[in-house]
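A quick write-up on the structure given underneath.
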Amino acid sequence: MRIATWNVNSLRSRIARVEAFLERHDVDVLALQETKAREEQVPLMGLQSMGYEVAYAGTNQWNGVAVLSRVGLEDVEVGFPGQPGWGDPAESEARAVGATCGGVRVWSLYVPNGRKVDDPHYVYKLDWLARLREAAQEWRSTPTALVGDWNIAPTDEDVFDPKQFATSTHVTPRERAAFQAFLDDGYVEVVRPHTPGPEVYTYWDYYRQRFERNRGLRIDFVLGSAPFAERVTGAFIDRDERAGQGASDHAPVVVDLD
DNA sequence: ATGGTCGAGTTTCGA
């Protein structure tokens, strides 16, 4: 089974690339972030004709998450299960959707950006991660993948120029600690062992020719529970997908299970 | 310190 995650930066403007990506890599399950569409706007026709079912949560123009699956789509949940009433419902709904696909629980996550360290959104980001962690602790004994745009660069190797990010979000000790907490709980980042080294990124800003100069960030991750991680046979970042006209600013991340 | 580029949807905001 092949599972992928991709921040598409608008599903409607990227639908042709999404369909080509699914076909090119023979993907069974695809988690999407930043779909930037309300549910009724999602371009379903081509996806359904390719055999994919879709679980979707999107309520505003800049967030939105989805799980596409051609190996079954069961027990769809939106937001954090068992934690009703936390935060702003519309925000939460647009940032997490989970489904069981071929026996694996896949959560498509768009972790809040945080904006600036002195912005209320930064606190919201840390709170959101703490809530996710609480929920994720309950899922550790089953094959579970927490996939998506974490908006955290866990190490300095994941940043093209750490000095330039000295006062920015994504690299602060509190964000990195929040990420590490999932690893402490037993989740494994299953992609890095197959894509080692510095200067291996998943996101390049659109401006200043950041992609052409490989000045990016590694912020998209697949965290697997132990029962998930032990099934992983390979992983790669589809860097080529970031090239050319009409690309998202993120590259897809792909994981293979036995 | 600023600006550069996208996407959504109206004009500027979020990333």
Side-chain angles (χ1 to χ4, degrees), chain A residues 5-21 31-44 56-66 87-97 108-129 147-154 158-172 175-176 178-179 201-221 237-253:
Chain A
T5 180
W6 188 11
N7 179 325
V8 282
N9 185 20
S10 168
L11 181 52
R12 283 176 289 169
S13 69
R14 216 76 60 207
I15 186 62
R17 275 184 177 255
V18 169
E19 291 171 358
F21 166 77
L32 295 170
Q33 302 86 35
E34 282 205 74
T35 51
K36 294 186 175 177
R38 296 185 301 275
E39 185 159 10
E40 67 272 19
Q41 297 176 307
V42 173
L44 284 176
Y56 190 79
T59 55
N60 61 36
Q61 65 173 272
W62 55 84
N63 296 318
V65 285
D88 177 69
E91 289 267 356
S92 295
E93 283 174 357
R95 294 178 184 278
V97 62
S108 180
L109 305 171
Y110 180 69
V111 174
N113 175 285
R115 301 186 186 178
K116 297 201 176 348
V117 289
D118 60 356
D119 191 297
H121 284 84
Y122 177 75
V123 177
Y124 175 73
K125 178 181 194 173
L126 295 171
D127 287 347
W128 194 94
L129 286 161
V147 314
D149 181 352
W150 288 75
N151 272 316
I152 298 171
D158 303 322
V159 184
F160 69 87
D161 182 4
K163 284 197 290 291
Q164 207 174 116
F165 279 74
T167 60
S168 303
T169 59
H170 294 55
V171 301
T172 65
E175 289 165 281
R176 286 178 169 174
F179 186 87
Y201 306 126
T202 65
Y203 162 82
W204 301 259
D205 216 318
Y206 280 124
Y207 40 72
R208 290 196 159 192
Q209 297 185 296
R210 287 265 171 86
F211 178 69
E212 288 76 6
R213 299 186 294 150
N214 194 31
R215 295 170 73 76
L217 304 173
R218 191 199 282 243
I219 55 176
D220 300 86
F221 297 101
I237 297 162
D238 185 9
R239 197 178 185 286
D240 293 345
E241 176 54 50
R242 177 61 180 82
Q245 291 296 311
S248 169
D249 43 2
H250 293 250
V253 178

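So that the names make sense, note that chain A is the first sequence line, chain B the second, and so on, each numbered from 1.
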Could you state the [atom1]-[atom2] distance from [X] to [N], rounded to the nearest angstrom?
X        : N      : atom1 : atom2 : value
A:Lys116 : B:dA1  : NZ    : P     : 12 Å
A:Lys36  : B:dG14 : NZ    : C1'   : 7 Å
A:Tyr207 : B:dG4  : OH    : C1'   : 7 Å
A:Ile15  : B:dA8  : CD1   : P     : 12 Å

A:Ser168 and A:Val171 have their tightest heavy-atom pair at O-CG2, 3.7 Å
For B:dG14 versus B:dT10, give the span between their C1' atoms, rounded off to a whole number of Å. 15 Å
C1' atom, B:dG4 versus B:dA15: distance in rounded Å? 13 Å
Does A:His250 or A:Ala247 map to a spot on DNA chain B nearer the 5' end, using the closest nucleotide for each? A:Ala247
Check whether A:Arg115 reaches the backbone of A:Tyr122 with its side chain - one donor and one acceptor, N or O, closer than 3.5 Å. no
Tell me if a side-chain donor or acceptor on A:Arg215 pairs with a main-chain N or O of A:Trp204 at a distance below 3.5 Å. no
Which residues in residues 5-12 of chain A have at least one heavy atom lying under 4.0 Å from any atom of DNA chain B? A:Asn9, A:Ser10, A:Arg12
Within the 4.0 Å heavy-atom criterion, would you say A:Tyr110 contacts the bases, only the backbone, or no part of the nucleic acid? sugar-phosphate
Mind checking A:Gln209 for me? I need base, sugar-phosphate or nothing, with any heavy atom below 4.0 Å counting as a touch. nothing
Student check: side-chain heavy atoms of A:Lys116 and A:Thr167 closer than 4.5 Å: no
By side chain to side chain contact (heavy atoms under 4.5 Å, CB included), which residues pair with A:Val123, not counting sequence neighbours? A:Asp127
Under the side chain to side chain donor-acceptor pair (under 3.5 Å) rule, collect the residues that match up with A:Thr202, sequence neighbours excluded. A:Asp220
